Trainee: 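Quick one: the structure is below, and I'll ask about it shortly.
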Amino acid sequence: MNKSKYLVIGSKGLLGSEIIKVLKFKKKNYYTAARRNSDLNVNLKNFSKLKKFILKHNFNYIINCAGIINIDECEKKYNNILKINYFLPKHLSDLSIKKNFKLIHISTDQVYYKKKNQLSKESDKIYAINKYAKSKVLSEKAVKKNKRNLIIRTNFTGKKKTNTKNTSFIDWLNNQTKNKKNNINLFNDLYTSTIDAKNCAKFIIKLIEKNFSGIYNLGSRKSISKEKFALEFFKKMKVKLDYNSISCDILSVERCKYLGMSTKKIERDLGEKMPTPGQVINNLYMEYK
């Protein structure tokens, strides 16, 4: 059979759907795998069916966007979420060695642990502060067994195009603008390097095209608190809401407060700057404008 280029797993999710748009624009040859409305409709816990599809098409690149990211759910159903967050990438990584394809694994900023507001580098020690982070630490360890593979540590958000139970951060913020009587809670001590999903997808494909391997942080150039991010978005939307400035310590599951990531490595290797938080917020605003 003709050698196919890309397989996008989790193609109906926020990031997966944006990656498909980039591949379409670049006229790449790709296939999709998801629960429904894809080239392979599959429950991703059933690796045998996915494996047969991979062996049939002989891919060059497999981008795994599948993952359970609800931190509370991960605490309650850890053994169940491991099937997607750990065993799926482990099986894919093992297969990447046997079949000589590059696996692109989407990880998270949640594996970092800083006690003050500093930007984490790819070489920093990673730490599993909760079960979601633990599942991602385990998956990274498995994916790194093939040195050709690419691990993307990121924090992205964007306007969701499909009806799924998970709501993105920016969708949640936009929903608040429709009910100005809301009195919402905004975290003043939780810092991230959030990037918009469109740019995240674009930079992932650039890394693949330049054949980079290893670990890359992919986010905005600086970190910003969830509170400030929200207020800047509301300002763009010309909406003023009542809110409570609070600590993320109220959350039932512990997480690191300082998740900002250094983007020096990806900027050096791609030869271009990552967007600032202000540019990310503007990009997201344009999606709703």
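Keep in mind the model is a prediction, meaning the values are calculated, not measured. Heavy-atom basis, side chains included; hydrogens, waters and symmetry copies ignored.
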Trainee: Quick check: closest heavy atoms across L190 and C256, and the distance to 0.1 Å?
Mentor: CD1-O, 3.5 Å

Trainee: Please check if the side chain of S193 supplies one atom and the backbone of M261 the other of a donor-acceptor pair under 3.5 Å.
Mentor: yes

Trainee: Looking at H105, is its backbone amide N or carbonyl O close enough to the side chain of N64 to form a donor-acceptor pair, meaning the two atoms are under 3.5 Å apart?
Mentor: no

Trainee: Using a strict 4.0 Å threshold on nitrogen-to-oxygen distance, state whether K21 and E18 make a salt bridge.
Mentor: yes

Trainee: What pair of heavy atoms forms the shortest contact from L88 to L50, and how long is it?
Mentor: CD1-CD2, 3.8 Å

Trainee: In sequence, state the C-alpha distance, the side-chain angles, and the governing distance for K257 and F187, and then conclude on side-chain contact (heavy atoms from CB on, under 4.5 Å).
Mentor: CA-CA 10 Å; K257 295 180 178 180; F187 297 135; over 6 Å; no

Trainee: How many angstroms lie between CG in D269 and CG in L207, if you round to the nearest 0.5 Å?
Mentor: 8.0 Å

Trainee: Got a donor-acceptor contact below 3.5 angstrom from the T154 side chain to the L218 backbone?
Mentor: yes

Trainee: Could you tell me if D189 and S247 have a donor-acceptor pair between their side chains, going purely by distance under 3.5 Å?
Mentor: yes

Trainee: How long is the gap from CD1 on I19 to OG1 on T32, to the nearest 0.5 Å?
Mentor: 12.5 Å

Trainee: Tell me whether F47 is reachable from I81 by hopping between hydrophobic residues (I, L, V, M, F, W, Y) whose side-chain heavy atoms are closer than 4.5 Å.
Mentor: yes

Trainee: What closest approach, in Å, do E140 and V111 show between heavy atoms, and which atom pair accounts for it?
Mentor: OE2-CG2, 4.1 Å

Trainee: Hey, is NZ on K134 packed in by over 12 heavy atoms from elsewhere, all under 6.0 Å?
Mentor: no

Trainee: To check you understand the geometry: which heavy-atom pair defines the closest contact between E122 and R153, and what is its length?
Mentor: O-NH1, 3.3 Å

Trainee: Indicate, with yes or no, if L251 and L186 share a hydrophobic cluster defined by side-chain heavy-atom contacts under 4.5 Å among Ile, Leu, Val, Met, Phe, Trp and Tyr.
Mentor: no

Trainee: Verify, without hydrogens or angle tests, whether Q176 (side chain) and W172 (backbone) share a donor-acceptor contact under 3.5 angstrom.
Mentor: yes

Trainee: Out of curiosity, K210 NZ to L150 CG, how far, rounded to the nearest 0.5 Å?
Mentor: 14.0 Å

Trainee: Given the ring of Y113, does K125 sit roughly above its face, with NZ or CZ under 6.0 Å from the centre of the six-membered ring and within 45° of the axis?
Mentor: no

Trainee: For K145 and D94, run salt bridge (charged side-chain N to carboxylate O under 4.0 Å, His left out): C-alpha distance rounded to whole Å, both residues' side-chain angles, the deciding distance at 0.1 Å, then the answer.
Mentor: CA-CA 8 Å; K145 288 183 179 179; D94 291 343; 5.4 Å; no

Trainee: Using the rule given for side-chain hydrogen bond (donor to acceptor under 3.5 Å, both in side chains), can you reason through K236 versus N282, listing the C-alpha separation, both sets of side-chain angles and the distance that settles it, and then say yes or no?
Mentor: CA-CA 8 Å; K236 283 278 185 185; N282 189 64; 3.0 Å; yes

Trainee: Any side-chain to backbone donor/acceptor pair from S168 onto G158? Under 3.5 Å, distance only.
Mentor: yes

Trainee: Can a donor-acceptor pair be found, under 3.5 Å and without considering hydrogens, that links the side chain of S96 to the backbone of S93?
Mentor: yes

Trainee: I'd like to know if the side chain of S213 pairs up with that of K102 as donor and acceptor (distance under 3.5 Å, no hydrogens or angles considered).
Mentor: yes

Trainee: Does a donor on one side chain and an acceptor on the other come within less than 3.5 Å for K265 and N217?
Mentor: no

Trainee: I'd like to know if the side chain of N175 and the backbone of D171 have a donor-acceptor N/O pair within less than 3.5 Å.
Mentor: yes

Trainee: Taking salt bridge (Lys or Arg N to Asp or Glu O under 4.0 Å) as the criterion, tell me which of K28, K202, K5 meets it with E209.
Mentor: K28

Trainee: What is the minimum heavy-atom distance between R35 and N41, and which atoms define it?
Mentor: O-CB, 3.6 Å

Trainee: In Å and rounded to the nearest 0.5 Å, what is the CG to CE distance from N174 to M237?
Mentor: 4.5 Å

Trainee: Report yes or no: do Y288 and Y285 belong to one cluster of Ile/Leu/Val/Met/Phe/Trp/Tyr joined by side chain heavy-atom distances under 4.5 Å?
Mentor: yes

Trainee: Looking only at the side chains, is there a donor atom on one of S48 and N46 sitting less than 3.5 Å from an acceptor on the other?
Mentor: yes

Trainee: Does I266 offer a backbone N or O that forms a donor-acceptor pair with the side chain of T263 under 3.5 Å?
Mentor: no

Trainee: Calculate, to the nearest 0.5 Å, the distance between atoms CG and NZ belonging to N70 and K77 respectively.
Mentor: 9.5 Å

Trainee: Over 60° means perpendicular and under 30° means parallel, so classify the ring planes of F229 and F169, tilted if in between.
Mentor: tilted

Trainee: Examine distances only and state if a side-chain atom of K136 and a backbone atom of I106 form a donor-acceptor pair shorter than 3.5 Å.
Mentor: yes

Trainee: Using only atom types and a distance under 3.5 Å, with no angle test, would you say the side chain of N85 pairs donor to acceptor with the backbone of I68?
Mentor: yes

Trainee: To the nearest 0.5 Å, how far apart are CG in N117 and OH in Y258?
Mentor: 6.5 Å

Trainee: In this structure, which one of Y61, F59, F101, Y30 forms a ring-ring contact (aromatic ring centres under 6.0 Å, His included) with Y6?
Mentor: Y61

Trainee: Where is the tightest heavy-atom contact between S38 and L40, given as atom of each residue plus distance?
Mentor: OG-O, 2.7 Å

